[in-house]
Amino acid sequence: MSLTFDGTVLVPAADPEDGERTAAALAPHLSPSSRVIVVNVIEKAGGAPDKASVEQREEYARTIFERARGPLEERAGTVETAILFGTDVVETIFEAATERDVDAVVFEPRGGSRFVELLTGDVARRLVTEASVPVVALPRTDD
């Protein structure tokens, strides 16, 4: 089976490694008509003090985008990036997907123990179970 994204896809990336790995996994499925929007959600604390400044988080997001661009720019027609802000990562991703009229949210699930999933709220699980647009989980490409 061959899967090709020739429309617009939104790719959430949590950190530089995640962005690069997801981009590499997605790249073979892109065409010159593909539009890829890589996003990073800066989670606001909802009234509590943030652990890092907005400037530090924005710089981190730019590092994520830099790492993700390489594999994508070789295959996609357009690569865009966006820093999103919200108190709920999954809700923020789906709001952005709806606003940008994407065809799908595409991600590569990150590995982790059940304990890590409990601590992080298991964003991957929520992306699939709370989807408001089609969601594609790419096969993991463990090295």
Side-chain angles (χ1 to χ4, degrees), residues 3-31 33-143:
L3 175 65
T4 304
F5 298 103
D6 58 0
T8 302
V9 295
L10 187 135
V11 178
D15 59 53
E17 291 76 25
D18 180 40
E20 187 171 31
R21 290 176 64 91
T22 302
L26 175 60
H29 303 285
L30 299 175
S31 72
S33 63
S34 301
R35 175 180 171 224
V36 180
I37 306 167
V38 181
V39 300
N40 175 254
V41 178
I42 296 177
E43 193 171 10
K44 300 304 290 173
D50 290 327
K51 295 176 186 172
S53 71
V54 172
E55 294 79 16
Q56 289 171 315
R57 290 176 185 237
E58 287 175 343
E59 182 60 34
Y60 190 66
R62 286 190 285 278
T63 301
I64 293 169
F65 301 151
E66 204 173 286
R67 297 262 305 264
R69 277 188 178 279
L72 297 173
E73 287 183 335
E74 296 172 7
R75 300 292 300 256
T78 306
V79 178
E80 301 170 20
T81 60
I83 298 172
L84 309 175
F85 297 88
T87 55
D88 184 296
V89 172
V90 174
E91 285 179 14
T92 304
I93 289 168
F94 286 128
E95 286 170 6
T98 301
E99 289 169 6
R100 290 162 172 81
D101 196 28
V102 304
D103 297 308
V105 171
V106 180
F107 73 102
E108 184 187 53
R110 296 185 317 179
S113 69
R114 193 68 189 139
F115 181 69
V116 170
E117 289 177 2
L118 289 171
L119 291 176
T120 63
D122 194 5
V123 172
R125 180 178 43 78
R126 287 188 58 215
L127 281 173
V128 174
T129 60
E130 299 175 21
S132 59
V133 298
V135 174
V136 177
L138 297 169
R140 287 190 43 89
T141 55
D142 292 329
D143 294 315

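All residue numbers in this chain count up from 1 along the given sequence.
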Given side-chain contact (heavy atoms from CB on, under 4.5 Å), test F5 with L26 step by step and report yes or no. CA-CA 9 Å; F5 298 103; L26 175 60; 3.6 Å; yes
Looking at [atom1] of [X] and [atom2] of [Y], how far apart are the two atoms once the value is rounded to the nearest 0.5 Å?
X   : Y   : atom1 : atom2 : answer
L84 : T92 : CG    : OG1   : 7.0 Å
I42 : Y60 : CD1   : OH    : 11.5 Å
E20 : R69 : CD    : CZ    : 14.0 Å
T63 : E58 : OG1   : CD    : 12.0 Å
E17 : R21 : CD    : CZ    : 9.5 Å
L30 : E74 : CG    : CD    : 11.0 Å

Flag the pair [X] / [Y] as yes when at least one side-chain heavy-atom distance between them is below 4.5 Å, and no otherwise.
X   : Y    : answer
V9  : V136 : no
H29 : L138 : yes
V54 : K44  : yes
V36 : R75  : no

What are the two closest non-hydrogen atoms of [X] and [Y], and how far apart are they?
X    : Y    : answer
A131 : V135 : CB-CG2, 3.6 Å
P28  : A24  : CD-O, 3.2 Å
F65  : A82  : CZ-O, 3.3 Å
G19  : I64  : CA-CG2, 4.4 Å
A23  : A68  : CB-O, 3.3 Å
P139 : E108 : O-OE2, 3.3 Å

Given L10 and V39, is the side-chain contact (heavy atoms from CB on, under 4.5 Å) satisfied, shown in steps? CA-CA 7 Å; L10 187 135; V39 300; 3.7 Å; yes
According to side-chain contact (heavy atoms from CB on, under 4.5 Å), who are the partners of D18, at least two apart in sequence or on a separate chain? A13, A14, D15, T22, R110
E43/R57 ion pair, N-O < 4.0 Å: no
With no hydrogens and no angle check, is any side-chain donor or acceptor of D103 less than 3.5 Å from a backbone partner on T8? yes
Given R126 and D88, is the side-chain contact (heavy atoms from CB on, under 4.5 Å) satisfied, shown in steps? CA-CA 11 Å; R126 287 188 58 215; D88 184 296; 3.0 Å; yes
Evaluate the criterion side-chain contact (heavy atoms from CB on, under 4.5 Å) for residue pair V128 and F107; output intermediate values, then yes/no. CA-CA 10 Å; V128 174; F107 73 102; 4.2 Å; yes
Does E66 have more than 12 heavy atoms from other residues, nucleotides or ligands lying within 6.0 Å of its CD? no
